[in-house]
There are 2 protein chains.
Amino acid sequence: MASDVRGTNDNGARTMPERIRCRECPLRDCTGLLAPDEGQRAWIEAFKSGEARFARGEQVLRQGVRATRLHTVLEGVLMRYRLLEDGRRQILNFMFPGDFVGLQSAFDADLSHGIEAMTDTLLCVFPRDRFFELALSHPRLSFDLTWLAAREEAALEEHLVSLGQRNAQERLAYLAVYLVGRASETGVARDGVLRLTVTQSQIADMLGLSLVHTNRSLQALRRAGLVDWTLASIAVPDMAAARHFAQMDGDVLSPRPYI
Amino acid sequence: MASDVRGTNDNGARTMPERIRCRECPLRDCTGLLAPDEGQRAWIEAFKSGEARFARGEQVLRQGVRATRLHTVLEGVLMRYRLLEDGRRQILNFMFPGDFVGLQSAFDADLSHGIEAMTDTLLCVFPRDRFFELALSHPRLSFDLTWLAAREEAALEEHLVSLGQRNAQERLAYLAVYLVGRASETGVARDGVLRLTVTQSQIADMLGLSLVHTNRSLQALRRAGLVDWTLASIAVPDMAAARHFAQMDGDVLSPRPYI
DNA sequence: GCGGCGCCATGTCAAATGACACTGACCGCG
DNA sequence: CGCGGTCAGTGTCATTTGACATGGCGCCGC
């Protein structure tokens, strides 16, 4: 990777001039994603300003600052979180390949959340300045963004149901199913196993549980054979059973567009 | 109202032929809203198919069915909720004048949530069929929808932070501040008092608390002088104090566009 | 090999929250 | 007027969840 370095952005991450052509986009063959047609690809290619890499643990966007870039995840997994003044942290969602990162910063002044890489990550970079222009001149693009925003909204709603109505074990089962599902869609996981390093502290901060209680509840789920979640991987041996345990109704997955 | 009845939709609500011209839209002078310009107004007027009224307690859209209409709230307050199979209910958000109702149904098959009127309500009705066509031919409209979706997303994130990180009293204070704020923006409340009938059971279902605990925590807040929330009204005597108590940082309110 | 660090695990106790049963106020209705 | 329904409020007790303290284990740098 070191040989790729051509510059450094404000976060210290490696930024590279555009190298991947959209027609060779790593997302193009992903089963869960709906590749843009040739016309759209041309607009996107014109919009794209380059790529950026981040290592696990690095901050992609910081809460409270005004971002100048928009991103699409090409490879890797990220998380979006919100910090309270006294240090409490709420993880809002996880982002997988194809997700559009930073829509909020396209509209708003300061970012109300931060974004951190959970794995080494490759992002497609767009300049914020041209977003307006592009969205207004390319309705299809704008439409797809609306679609993505609606999807994200639906995911947040699910999380909200979890935090509001499910107990600790149900939340954990829900989150495991959600993550493995998202990862499978996007080619990051297969066979109900997701190799991703998530600490129990991150799980706790996502689900509104204490660290200790998260630990105990994870063990209970493991003993029950529903979810086997270790530091480096999430395994859901029986998806249907886990979904039923967490009271998740069938949510139909339609392929997502991406920018 | 009875004299206005011209037809009945599948929910039993009164539907009327279009009577309000967009240029006389009740939203046009609302301080928190950004009225469309003349060009946009023309598209919207062409898109609009009529109006609908609902009384408090009526279901506007039912969870699990495919909706055929999209709405903009003209007058009144609604709530969006999600039911689990065993009867648990999570209230996801409240909708105020200017909000676009049913974006999800523009994309997805079945609705993952229901919508219920909290007050008597007047909605602007759009046919779902033409949504695609219109969004693709009018980028500005599509752009505004993205904007609205991003806003809704931000609200859900706030709620998520509440459920995940705040204790019962903080949640209640947060919700009171949120509701009074939204209502003030949209002209429904003034002077930190919102006259809106919300039962403690609804509050509990929004905040993931039991009914009893909601009751006790409300009383504690009342004794502390932070929030006075009764069946028919929500009063926040000192907004700054309540915001601080709930650890809400300043969120800047920019006027919302509407369709 | 040693110390420090990050993470998981566990024991004990306390606090927050929920379940259940009941009361009283209010209101619309016949 | 009584009746049933809805809703706020309370008392008591159970359960869930959190706080704090501690130990173990693998990893890494020195």
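A note on names: the letters A, B, ... follow the listed sequences, proteins ahead of strands, and every chain is numbered from 1.
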**Request:** Apply side-chain contact (heavy atoms from CB on, under 4.5 Å) to A/Ala150 and list each qualifying residue two or more places apart in sequence or on a separate chain.
**Result:** B/Leu103, B/Phe107
**Item:** Between C1' of C/dT17 and CG of B/Leu172, the distance in whole Å
**Value:** 13 Å
**Request:** Mark yes when over 12 heavy atoms from residues, nucleotides or ligands other than A/Arg56 sit less than 6.0 Å from its CZ; otherwise mark no.
**Result:** yes
**Asked** Taking the side chain as C-beta and beyond, is there a heavy-atom pair between B/Val236 and B/Asp238 under 4.5 Å?
**Response** no
**Prompt:** When the distance from CG of A/Asp205 to C1' of C/dC7 is rounded to whole Å, what number comes out?
**Reply:** 14 Å
**Message:** Are there over 12 heavy-atom neighbours, none belonging to A/Asp191, within less than 6.0 Å of that residue's CG?
**Reply:** no
**Asked** How does protein contact run along nucleotides 6-18 of chain D, one letter per nucleotide 5' to 3', with B for base contact, S for sugar-phosphate only, - for none, heavy atoms under 4.0 Å?
**Response** -SSBSBB----SS
**Request:** Check the pair A/Ser112 / A/Gln104 against side chain to side chain donor-acceptor pair (under 3.5 Å), numbers first and verdict last.
**Result:** CA-CA 8 Å; A/Ser112 67; A/Gln104 193 202 27; 2.9 Å; yes
**Request:** Mind calculating the distance between CD (B/Glu170) and P (C/dA15) to the nearest angstrom?
**Result:** 17 Å
